[in-house]
Each structure stands twice: as C-alpha cells, then as structure tokens.
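The block underneath contains the structure these notes are about, expressed in structure tokens.
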Number of protein chains: 2
Amino acid sequence: MLDNYLLQELVTFAQTGTLAKTAATLNVTQPTVTRGMQKLETDLGVQLFDRQPNRIRLTATGKLAAREAAKLLQANHDTAIRIQNFDRNQRVLKVAATLPGPMIVLQSLKDQLPANLQLAPVASLPEPVESLRNHAYTLVFTNHPLTATDITNQLIGTENLAIHLNKFMYQANQSTVTFADLAGLSFVVPVDIGPWRAIIQDNIPDAKFFYQKEREALAEITKFSDFPYFATNVSPFDPTLPLEATVNDNRRLLPISDAAAHMSIYANYLTAATSRVTPVITTLRASWPET
Amino acid sequence: MLDNYLLQELVTFAQTGTLAKTAATLNVTQPTVTRGMQKLETDLGVQLFDRQPNRIRLTATGKLAAREAAKLLQANHDTAIRIQNFDRNQRVLKVAATLPGPMIVLQSLKDQLPANLQLAPVASLPEPVESLRNHAYTLVFTNHPLTATDITNQLIGTENLAIHLNKFMYQANQSTVTFADLAGLSFVVPVDIGPWRAIIQDNIPDAKFFYQKEREALAEITKFSDFPYFATNVSPFDPTLPLEATVNDNRRLLPISDAAAHMSIYANYLTAATSRVTPVITTLRASWPET
DNA sequence: AACAATTACGGAATCCGTAAAAATT
DNA sequence: AATTTTTACGGATTCCGTAATTGTT
C-alpha cells in the first residue's frame, strides 16, 4: 500500500521541483522529504528520481507516479467528503436545482414539507449528477432529466415564461407575445436563472440584458423604470393568490407563446433515495401551478 | 486523509461481521481493530457503527464507507501496479494480442526486432484497452481497432482463414470452399484462437469442434486422423517458405471464401508510446504475408 | 558563500500486543 | 461457559527534527 503522506510529498515535489521547497510547502524539514521519497521508491520497487549530488529530478516513471498520486489523493479526499455528506443527508434532506423555479415553489410550501428539508440558495448547479453521487444533495431539479443508471427522474410540471411589459407599449396590445415581438428591447434580469438565460439570449433578436445579482435591487429598478422584466407561472409564486395579483405596477403580464418559453421540470435523485424524496415530490406536484 | 490500514480494517469488518474475525483475518489483535475503527470514526467525524456491549454493526453510513473504502484500496493497488508496469515497459516492450496470428508472425521475425521485445503467450486478452492503460502491455493487436482518445490504431494487414481437408473428400475438389461447404463436419481446434472461435461456430452449420489446449497434442491428432483443421495465411508462418510447404499430410489446403473468413489486423497502443512501437509495426507490416 | 541533498543521531508520536474487565448469548 | 467488545498499560516501531556532511553553483 502506498502511504498517503508519501504521495503528498511526491505530488508537491512535482509542483515545486526541489525537496527544499517541498519541505517548506508541507511544513516539514528537508530530511523528512528525502527519507520519504526514498521510502516511496523502495515501497514501489521502482526508481522515481535521477539523483546527482546537488540536484534531484523525476524520472519518466516518477512523473507518471506523481500524476497518479494526485489522482489517488483527490479520490481519497472526495471519498471522505462523500461519506460525510451521506451521513449528514441521513438527517437532513438537501435540495438543489439548476433553475430557480422549483426552489421558489418549495420555499412557499415549506410548512407542508418535512422539517429536515434544506433548500440550497444557488439556482445554477454546475454538476447535478456529481452532486447526487457525492451526496451533496439528495434531490435535484432540472429542466432535462439526468440520464444515468443509478438516477431516477420524475416529471413535476412545466414552467412557462412570461414578460411584464409597460401597458402603453404597442406589443402589450395582445393576449400573448412571441420572442420576436420583443426584438431590440432591453431587459433587467436576475443573474441566477439557469437555462432561461441562454433561452432569452438566443431567441430575442438584438436584445440587451442587464444582469442584476441582488433580487431586491432588481425589484427597485423595475419599480422606478419602464424596463420590461420576466416572470414565470412559478415566480413569484404564492398558491393562495391568482397570478395577476403580483402585478402591482403599470405593466401587463403577457405569456410568451414560443415553444422555447415552456420548460419541463424534472425531479432527479439516486434510486436508493426513493423513499426519502417521494413525500417531497408528491406535495410539490400537488401544488405545482399549471397555468 | 483516510489511512489505508484503517480502510483495510473497515473493509474486512464489512466482510466478516465481527471485530474478532477481522483481527484474525488481518493477523492483528482485537484491540487493534477496536482502536482502528474508533480512530476512523473520529478522523471522519462520522458514526460508522452502532455499538452494543457485545455486538457492533455498521450504520448506513458505515456500509457506504466500507464500499467506498474498498474502491480506494483497489485504486491504490492498481496504481502501484500501473507504476511498476510503466517502469518495466521503459526497458522491455511487451506485446499481446486478442488472437494468435500476429504473435506467430512476430515470433518468426524475432531476430529482426529489438532485443527488449517480449511476446505474451496468451492469445485472448480479456481487457485490451485496460491492459494498455495499465501499461501491462505497450502494444496490442486486435481484429477491430480499439476506440479511445488516448489510443492510436494502425492497420497491419488481413488474416485469411483456410481449411486442411482430406484430399479425397468431395469438398476438396475445388479451389476454394465456403463455410456452408463444411456443414456437419467435425474439427480439431486450438482453444486460444480469439474471435476465430465465434466465427467458425456461428458460420458452419451443424459442425462439431474438439477444442485442444496443447498445440503439440493437436498436431498429433491431426497427423494420425482425418479430421480437418484450420490454418490462416499467417499460421503457421515462415516467410522463407511458400505456404504449401507446410502441407505435409494427405490433405489439401483450401482458402475459405466467405467475408467472415477475412480479418483485418490492427496494432493498438497508447499515443504516448508511438515512438517506441513504430519500429515494431514497421517491420511487421513489411513482412506481413498478404496471400 | 549559498544552496541542495543526504546521513547520523536522539526524541516524539503513533501504533501494537498483552492483560484485564464488562456484558451478552 | 464461550464470545465479543472495550479499556489500561507497557513496549516496539515508525516517523520526525536538529545537527553535521558532501557536493554543486
């Protein structure tokens, strides 16, 4: 077995180039590193270094060993994190999504859901499959089902894009609009909207988008300007109110009719976690606003 | 970092179920295992065991941890082997194949090839891609190119199947035969012929095959019987002799005309090893018998 | 002279085995 | 009574740091 602390020294040596710098980086003394690399060579039964009185370099085998060692250390670290995540998720059920819609609905249903539910604040999850396998999250919502043999998907419902337009704009004079109708306009948009970002950028010709990180600042901007802004059937969402009640300014809310403005929302989870996520999915589907 | 010897104890415990058997399996004493598992728990900051005075069991987290630990240990071991293989293959160039043909040709060219060349005796290599990545072999011959981004393929030539038939059989009365002509016959065949085995089994109707492990015993059987037996343009192969010179019995050698009786032979190697394998491939192609 | 690697020696930390205790089947 | 786990204590191994040596730039 290759000891981890020796692998760590080898990886650091490959980065720094000298035993002295390796020792300084790892907060040990040079003799420790000298002995360590000698031991690693005897453990492997392989020459990892070309030695000259004042210089030491990796052989071809040594360079390979350093790359492989880095992988092993990474795997070891990832495993520790994975075990700790799994243990935590035995007690709390962490939920994330690649787009904000499902999280907003869940937030509004908080009191109907298990108390150990934890909603991730981030909307755009970079590696949804890995975050399930690492047990970083137990339940992940996406707009496309995650395809893997160890993952189960369930369709939750659809999210439909709409636009708040100043009621005196000529485009507002209809019951629905298309992306083409919005050509050339400028919009204020939250940054973390996941795949919606690409959709509006790719489908609205010659548009300008002002991305705003703070949701409150965005509300301010829309309140004191005439910029159009987007909404969906779930955002903002309060199941006790009709959708129009959220329109409190001099804008009209118009659904967007293009096919690209409608998204299917899927729940994804490790098949092994089925029994734990089912109640959450059931209540979410029961309250999903199909408008 | 998770120490390997603790992971080993955890894996063994998951297999044996008690600390006592774990200790016996690993040739240590029980207190060692007790302390080890306690240390692993504190290192991870996670409860791996449910403890009762006389019984100790894995928690759900513990079971996961044991599975993950087994993977880490396997990866560690594989890495050590890989490094040792790489180091060895800096000096010798090991060659293997999934079928015997190319190895036979290489054997006959031995004196024209680098002295550090080592030919594997086995004809059917179970995991050719992995054996390249593990540096178990530097050069692998197959009848289909191995497709991977880190692997390069080169077409060497074709291997064509033929059959030695008793000259008084009615099928021998033609210049070539088809698989259908051989229907119902019985054949003596070496066991390690790789993909040829499936080809003759799938293409010759109602045939019987007697598989023989020892090549010498097979030669004896064919010598003192009238069983038909297979050959190819490379097997047996001596570049200084015409193919007919190998026919020393009362049989005729007939090529098989079916498309399935012709195989393309490919050389596969890690792209990083190109310069090392090129001379071997060059000489092999130069002497490949295109009959 | 300064730097890099190695060796020698003593101390510190860790790990292990023996012995004993506690509790269950 | 036999097993299993845990704790306590002492020994042994391993690992590390300081100091000194060698050789190069």
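These figures come from a predicted structure and were not determined experimentally. Here is the naming used below: chain letters follow the sequence lines, and residue numbers restart at 1 for every chain.
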R51(B) or V28(A), whichever maps to the more 5' nucleotide of DNA chain D: R51(B)
Taking the side chain as every heavy atom from C-beta outward, state whether I104(B) and Q107(B) have any pair of such atoms under 4.5 Å apart. no
R82(B)/D78(B) salt bridge by N-O under 4.0 Å criterion: no
Taking CZ in R51(A) as the centre, count heavy atoms belonging to other residues, nucleotides or ligands within less than 6.0 Å. Is the count above 12? yes
Within residues 30-46 of chain A, find the residues that approach DNA chain D with a heavy atom at under 4.0 Å, and present them sorted by residue number. P31(A), T32(A), R35(A), K39(A)
Compute the centroid of each ring, for F49(B) and then for F13(B), and state whether the two points are separated by less than 6.0 Å. yes
Of N153(A), T98(A), N268(A), which is the lone residue that meets side-chain hydrogen bond (donor to acceptor under 3.5 Å, both in side chains) with T142(A)? N268(A)
All side chain to side chain donor-acceptor pair (under 3.5 Å) counterparts of R285(A), not counting sequence neighbours: Q154(A)
Once rounded to the nearest 0.5 Å, what's the spacing between atom CG of L2(A) and atom CG of N76(B)? 4.5 Å
Mind checking the OG-CG spacing from S287(B) to L106(B)? Nearest 0.5 Å is all I need. 9.5 Å
Base, sugar-phosphate, or nothing for T29(A), non-hydrogen atoms under 4.0 angstrom? base
Beyond-backbone contact of V140(B) with V95(B), side-chain heavy atoms, under 4.5 angstrom: no
Using nucleotides 21-25 of chain D, report all nitrogen or oxygen pairs with the protein that are shorter than 3.5 Å.
from, atom 1, to, atom 2, distance (Å)
dG23(D), N2, N54(A), OD1, 3.2

Rounded to the nearest 0.5 Å, how far does CD of Q90(B) lie from CG of N85(B)? 11.5 Å
Test the R197(A)-Y211(A) pair against the cation-pi criterion, namely NZ or CZ under 6.0 angstrom from the six-membered ring centroid and within 45° of the ring axis. yes
Covered region of DNA chain C, 5' end to 3' end, by chain B [heavy atoms, under 4.0 Å]: dC15(C) to dT24(C)
Could you note down all residue pairs passing ring-ring contact (aromatic ring centres under 6.0 Å, His included) where residues 16-47 of chain A supplies at least one of them, sequence neighbours left out? none
Contiguous pairing runs of three or more, Watson-Crick or G-U under 3.5 Å, that involve DNA chain D: C:1-25 with D:1-25
Measure the spacing between CD1 of I83(B) and NE2 of H135(B) and express it to the nearest 0.5 Å. 9.5 Å
